[in-house]
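Below: one structure, written as C-alpha cells.
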Amino acid sequence: MHEHPQYDLHTHSHFSDGTTSVAEIAELVAAAGLAGFALTDHDSVRGWEEGRAAAASYGLDFIPGIELSTRENGVSSHILGYGFNPRDEKLLTALQQIRLMRVRRVQEIVAKLSCDYQISWESVQGVSASAETISRPHIADALISSGIVADRTVAFNTLLHPSSKYYVPLQELRTSTAVQLLRKAGGCVVLAHPAAFRNKTIVSREQLRSLREAGLAGIELRHPENDPQKLARVCEAATGLDLRITGASDFHGSGKPNRVGSYTTGGDTVAKLREQMLLPS
Ligand code: AMP
Ligand code: MN
Ligand code: MN
Ligand code: MN
C-alpha cells in the first residue's frame, strides 16, 4: 500500500448528511490503510479545520472539499470542489443562499408530509443538530425516529422519492456556473458520480467538453452508485477530453451502505489534481 498510496476523495460528515464526525472518518481512512481523504460535505466547509487536525493525528493527507448540486440542459449533476479559498466572497454568498433555499425546501416537504404523518420541522431540527446543511436525509431520519420508515433507503424509495406527492424539487445552480465559481475561488473541480442510478439523463459529450472548458479537471468514474450500463456511455463521452479519472466511496456513515475506501484514487492522480488547488491540504 505504501508504494501505491490511495485516497478516498468523497466523504460526508454530520456537518451535512453523514452520520459520523470528521474524526471518525479519519479513523476509518487510517484503518483502511489509505494515504489520505477529502471531506466533501454538501454546501459546507465547516469540517475543514477538524479534518486537518484529525488527519494530522493519524499521519494522513487531508484535502478540503465540498459537493454542490447543479443542473444544466435538463441534466442534474453533483460537482466536487477541492482546495479552494473558503473565504471567497462570491462562493460564501452562494453557499449561504443555497443552504437557506434548502431549509425552505425541507420545510415545504415537511409541511406536506405533516398532513399525513407524525413529523414536524422541529423533529427534523432535532435529528440534524450538528448539520450546517439540511437536506432530505434529515427528513428521512425524522421519519425513522417516529417509526414511519425503517431506514433512509426506504424513505428515499417512497415518501421522499421525486415521484412522491410530498416531493418539492431543489433549486440548483447551473453546472457550468458552479464549476466557474469554484475555479475562480482557486478550486479543482471533479464531476461526481456521473452515471448514478438515480440520474435520469446522463451528461453528453458536448456538455462534458464545455464543462472541461469551464475548468472541470476530473470525473468520478469509480463510485459505488455508478450504473454500469450508463457508465459505459459516460466513459465514451469522456474519452479524449483530458479529464482525470477518480474513485471514491461517497461515505455517509450509517446513512448509506458505502464504506470508506471501497473506491479510491491513486496518489499520482491526486498529485495532478492538487496542482490546481489553491489549498492542496
Ligand atoms: P437532497 O440534496 O435534499 O435532494 O437529498 C439528496 C441527498 O440524499 C444526497 O446527498 C444523497 O447523499 C442522499 N441520498 C440519496 N438517496 C439516498 C438513499 N437511497 N439513501 C440514503 N441517502 C440517500
Ligand atoms: Mn449526501
Ligand atoms: Mn452526490
Ligand atoms: Mn456525496
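Numbering of ligands and ligand atoms starts at 1, following listing order.
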Decide yes or no for Leu80 and Ile66: does some side-chain heavy atom of the first lie under 4.5 Å from some side-chain heavy atom of the second?
-> no

Lys/Arg-Asp/Glu bridge criterion (N-O < 4.0 Å) met for Asp141, Arg152 | yes

Please determine if Arg274 and Asp61 form a salt bridge, counting it only when a charged side-chain N lies under 4.0 Å from a carboxylate O.
-> yes

Can you tell me which residue and heavy atom of the protein come closest to atom 14 (N) of ligand 1, and the distance to 0.1 Å?
-> Phe156 CZ, 3.5 Å

Would you mind listing which atoms of ligand 1 come within a distance below 4.0 Å of any non-hydrogen atom of Arg102?
-> 1 (P), 2 (O), 3 (O)

Salt-bridged, Glu236 to Arg205, with N to O below 4.0 Å?
-> no

N/O to N/O below 3.5 Å, does that happen between Ser135 and ligand 1?
-> no

Carboxylate-amine/guanidinium contact Asp43 Arg102, below 4.0 Å = yes

Check: Trp48 ring centroid to Tyr82 ring centroid under 6.0 Å = no

Note: Glu67, heavy atoms under 4.0 Å from ligand 1, region reported as neither

Contact check, side chains of Ser145 and Val127, non-hydrogen atoms, under 4.5 Å = yes

Atom 12 (O) of ligand 1 has as its nearest protein heavy atom His252 NE2, 2.9 Å

Please indicate whether Gln171 has more than 12 foreign heavy atoms, meaning atoms of other residues, nucleotides or ligands, lying under 6.0 Å from its CD.
-> no

Close side-chain approach of Val106 to Val168, heavy-atom, < 4.5 Å = no

Relative to the Mn ion (ligand 4), which of the N, O or S atoms in Glu67 is the closest?
-> OE1

Looking only at N, O or S atoms, find the one in Asp17 nearest to the Mn ion (ligand 2) and name it.
-> OD2

Which segment of Arg136 sits under 4.0 Å of ligand 1 when only heavy atoms are counted | both

Would you kindly specify which portion of Val106 sits under 4.0 Å from ligand 1, judged on non-hydrogen atoms: side chain, backbone, both or neither?
-> neither

So which protein heavy atom does atom 21 (C) of ligand 1 come closest to, and at what separation?
-> Gly255 O, 3.2 Å

When you measure from the Mn ion (ligand 4) to each N, O or S atom of His12, which atom gives the shortest distance?
-> NE2

In this structure, OH of Tyr7 is separated from OG1 of Thr265 (nearest 0.5 Å) by 10.5 Å

Does ligand 1 have an atom that lies less than 4.0 angstrom from a heavy atom of Pro137?
-> yes

Nearest-neighbour protein heavy atom for atom 11 (C) of ligand 1, which is reported as residue plus atom name and distance | Lys256 NZ, 3.6 Å

Heavy-atom contact under 4.0 Å between His12 and ligand 1?
-> no

Does any N, O or S atom of Asp250, backbone or side chain, fall under 2.8 Å from the Mn ion (ligand 2)?
-> no

What do we get for His78 next to ligand 1 when only non-hydrogen atoms under 4.0 Å count, side chain, backbone, both or neither?
-> neither

Just let me know how Arg105 lines up against ligand 1, side chain, backbone, both or neither, with a heavy-atom cut-off below 4.0 Å.
-> side chain

Enumerated ligand 1 atoms positioned under 4.0 Å from heavy atoms of Asp17 = 7 (C), 9 (C), 10 (O), 11 (C), 12 (O), 13 (C)

Ligand 1 atoms in contact with His42 (distance to a heavy atom under 4.0 Å) | 10 (O)

Which word best sums up how the rings of His12 and His42 line up, parallel for under 30°, tilted for 30 to 60°, or perpendicular for over 60°?
-> parallel

Under the side-chain hydrogen bond (donor to acceptor under 3.5 Å, both in side chains) criterion, do Asn226 and Glu220 qualify, and how do the steps go?
-> CA-CA 9 Å; Asn226 278 336; Glu220 194 181 56; over 6 Å; no

Got a sec: is His42 within less than 2.8 Å of the Mn ion (ligand 4) via an N/O/S atom?
-> no

Heteroatom N/O/S of His78 within less than 2.8 Å of the Mn ion (ligand 4) = no

Verify the ring-centre separation between Phe62 and Phe37: is it less than 6.0 angstrom?
-> yes

